[in-house]
Amino acid sequence: MADTSNRRFDQILDEVYKDFYGSYPPGSPNAGLRPQADSSSVLPEEGNSAGAVPEDKPKTQAATGPSGPKKDAPEAKDEPKPEKSGMEELGELIGLDAVKDDVKELVNLVKVQKIREDKGLKTVPVSLHLVFTGNPGTGKTTVARILSKLYKEIGVLTKGQLVEVDRSGLVAGYVGQTAIKTQKKVEEAKGGVLFIDEAYTLAKEGNDFGQEAIDTILKAMEDNRKDLVVIVAGYTNLMESFINSNPGLKSRFNKYLEFKDYTADELVAIFDMQCNKYNYKVSPDARTAIERTIREREASKGDNFANARDVRNLFETIITNQASRVAQIDDPSEEELTTIEAADVDGSAATEAADVDGSAATEAADVEKKQVIKTADSGKLNSNE
């Protein structure tokens with residue numbers, strides 16, 4: 001009786017085992033308390049590549065999911081760096097010390113007025129709309145983007161996006177279309193900043209649709225004064241004339257931020273920032289050539305000098321020259337891929353010099369040729385005499 005009970009007990013255990021781990025492998029005995037489990041159901045032991053569990057060690061059940069054993073957890077990825085605050089981004093800008101001070105004062109004023117409003121205290125009306133004046137490439141768009149972020153951080157804007165436009169993005173070619181086109185940009189900018197570059201081009205003499213864009217913007221500023229900021233930008237003299245030409249503009253834009261030209265040292269620092277951003281380094285000879293080029297351009301700048309924009313263009317020209325040189329190297333090393341040499345800096349200058357020399361040589365040859373012809377003609381006249 002006992003033997004029958006034991007066999008029944010063993011049979012029940014076998015059935016439970018098979019239900020849990022699956023069927024026995026072919027050829028395995030259908031009895032016993034410890035039949036061999038399928039290899040996918042057991043974690044491999046160290047030193048046992050087949051995955052079989054030694055008799056003197058307990059079995060270890062693998063974690064299983066709906067479709068079988070769970071895969072190993074993916075390796076932990078590097079945590080993304082926290083986003084910088086608007087003030088941190090502002091502080092990292094090269095130069096612009098006066099602009100930075102003005103922005104900080106304005107943000108502090110707006111921040112405190114917002115706190116007073118939240119506490120039910122009386123507030124002083126503060127215009128958030130601004131006029132940015134200065135030459136091209138002095139950081140106006142960058143500061144506008146940072147300011148939109150700062151306004152969102154202190155709670156005066158709900159989104160903090162920057163929508164950048166110029167005359168072509170606001171003015172259409174037919175009556176009635178300009179208001180629609182301008183209103184569309186206003187809708188995009190709600191909750192953030194509408195940045196109008198070269199805004200003075202909207203005020204042209206004669207029958208021009210620019211005035212329609214101005215009127216639409218002024219109305220939008222009034223209708224959305226709680227959640228829309230407009231910044232207009234352009235050359236200093238032209239922007240002052242533009243604001244003073246319209247009473248509506250003058251009453252709404254009473255805060256000016258002047259963006260001075262960068263110094264030569266600041267322009268060199270901007271070039272270095274571009275190199276660091278894109279993993280380039282500069283050889284000593286190239287460093288000398290780059291600084292000389294930037295300082296010469298800054299010293300002889302004309303009306304078309306574009307400050308940081310010119311430096312970025314110089315950087316792109318140099319890395320293009322560097323790429324042309326490195327492309328000729330079989331299997332270039334990381335050092336060769338990332339190093340700017342003096343030849344990369346002088347490449348474009350040398351080409352320009354060669355063109356000038358070639359033109360001068362051609363001109364000299366033409367002069368000499370004309371002189372020879374003139375002498376020959378003179379000789380013919382003498383012989384005829």
Side-chain angles (χ1 to χ4, degrees), residues 84-91 93 96-134 138-165 182-183 185-197 199-200 202-203 213-234 236 239-260:
K84 294 179 181 178
S85 68
M87 279 301 177
E88 287 175 328
E89 292 185 13
L90 183 70
L93 295 180
L96 304 177
D97 291 339
V99 171
K100 291 177 184 178
D101 291 340
D102 287 343
V103 169
K104 290 175 183 177
E105 289 179 359
L106 175 62
V107 170
N108 288 336
L109 174 60
V110 174
K111 182 178 180 180
V112 170
Q113 295 301 314
K114 183 67 170 61
I115 295 173
R116 288 174 60 90
E117 180 183 3
D118 294 341
K119 292 183 178 295
L121 300 174
K122 291 184 178 180
T123 61
V124 178
V126 178
S127 176
L128 303 178
H129 311 297
L130 298 167
V131 182
F132 286 2
T133 62
T138 49
K140 296 187 290 293
T141 305
T142 301
V143 172
R145 178 185 58 78
I146 293 174
L147 193 56
S148 65
K149 185 174 184 177
L150 285 168
Y151 279 160
K152 181 180 185 298
E153 289 174 352
I154 62 178
V156 297
L157 289 176
T158 57
K159 298 179 181 177
Q161 80 279 18
L162 178 75
V163 176
E164 181 182 0
V165 295
T182 302
Q183 187 60 39
K185 288 299 180 182
V186 169
E187 292 297 327
E188 290 180 24
K190 281 184 180 179
V193 172
L194 179 64
F195 179 79
I196 308 173
D197 198 15
Y200 52 83
L202 295 175
I214 293 173
D215 294 340
T216 303
I217 291 168
L218 290 176
K219 185 177 185 305
M221 292 167 66
E222 181 64 27
D223 294 344
N224 303 280
R225 59 183 180 272
K226 289 288 187 179
D227 204 22
L228 175 67
V229 172
V230 178
I231 298 176
V232 291
T236 301
M239 287 305 298
E240 290 177 353
S241 300
F242 168 65
I243 297 298
N244 292 327
S245 68
N246 187 308
L249 291 172
K250 191 172 182 180
S251 65
R252 288 171 174 81
F253 293 98
N254 54 22
K255 178 67 175 175
Y256 288 70
L257 268 66
E258 175 70 17
F259 289 70
K260 301 290 186 181

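Nothing here was measured: the structure is a model prediction, and the numbers come from that model. As a basis for the values below, the full set of heavy atoms in this structure was taken, side chains included, without hydrogen atoms, waters or symmetry mates.
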Let me confirm one number: the CG-CD distance from Leu93 to Glu88, rounded to the nearest 0.5 Å. 12.5 Å
Would you check if the side chain of His129 reaches a backbone N or O of Val230 as a donor-acceptor pair within less than 3.5 Å? yes
Considering only heavy atoms from C-beta outward, does the side chain of Leu90 approach that of Lys104 to under 4.5 Å? yes
Looking at side-chain heavy atoms only, is the closest gap between Ile231 and Leu257 below 4.5 Å? no
Can you confirm whether Phe242 sits close enough to Val131 that some side-chain heavy atom of one is under 4.5 Å from a side-chain heavy atom of the other? no
Say whether, by atom type as modelled, one donor and one acceptor occur between the side chain of Thr138 and the main chain of Lys260 under 3.5 angstrom. no
So that I can tick it off, tell me whether Glu187 and Lys190 are bridged by a salt bridge, with the cut-off set at under 4.0 angstrom between side-chain N and carboxylate O. yes
Separation between CD (Glu258) and OG1 (Thr236), nearest 0.5 Å, reads 3.5 Å
When rounded to the nearest 0.5 angstrom, what is the spacing between CZ in Arg252 and CD1 in Ile217? 11.5 Å
Shortest non-hydrogen contact from Ala220 toward Val186: CB-CG1, 3.6 Å
So how far is it from Glu240 CD to Tyr256 OH, rounded to the nearest 0.5 Å? 6.0 Å
Show every side chain to side chain donor-acceptor pair (under 3.5 Å) that has at least one partner inside residues 153-164, sequence neighbours left out. Thr158-Asp227
Of all heavy-atom pairs linking Ala233 and Phe195, the shortest is CB-CZ, 3.6 Å
Rounding to 0.5 Å, atoms NZ (Lys149) and OG (Ser85) come to a distance of 7.0 Å
Nearest heavy-atom approach of Tyr151 to Leu128 is OH-O, 3.4 Å
Shortest non-hydrogen contact between Gly160 and Ser148, atoms and distance: O-OG, 3.2 Å
Is the closest side-chain heavy-atom distance between Thr141 and Leu162 below 4.5 Å? yes
Is there a side chain to side chain contact (heavy atoms under 4.5 Å, CB included) between Val232 and Ile243? Walk through the geometry before answering. CA-CA 9 Å; Val232 291; Ile243 297 298; 4.2 Å; yes
Can a donor-acceptor pair be found, under 3.5 Å and without considering hydrogens, that links the side chain of Lys140 to the backbone of Asp197? no
Minimum heavy-atom separation for Tyr200 and Gly234, please, with both atom names. CE2-CA, 3.9 Å
In short, Leu202 meets Ala213 closest at the heavy-atom pair CD2-CB, 4.3 Å
Roughly how far apart are Lys219 NZ and Thr216 OG1, rounded to 0.5 Å? 9.0 Å
Could you please spell out the steps behind the salt bridge (charged side-chain N to carboxylate O under 4.0 Å, His left out) verdict for Lys185 and Glu188? CA-CA 5 Å; Lys185 288 299 180 182; Glu188 290 180 24; 3.8 Å; yes
Heavy-atom side-chain proximity of Ile146 to Val103 below 4.5 angstrom: no
Minimum side-chain heavy-atom gap Leu106-Leu130 below 4.5 Å: yes
Are Asn246 and Leu218 side-chain neighbours, meaning at least one heavy-atom pair lies under 4.5 Å? yes
Residue pairs passing the side chain to side chain donor-acceptor pair (under 3.5 Å) test with at least one member in residues 105-123, sequence neighbours excluded, are Lys114-Asp118
Are side-chain heavy atoms of Val193 and Leu147 found at a separation under 4.5 Å? no
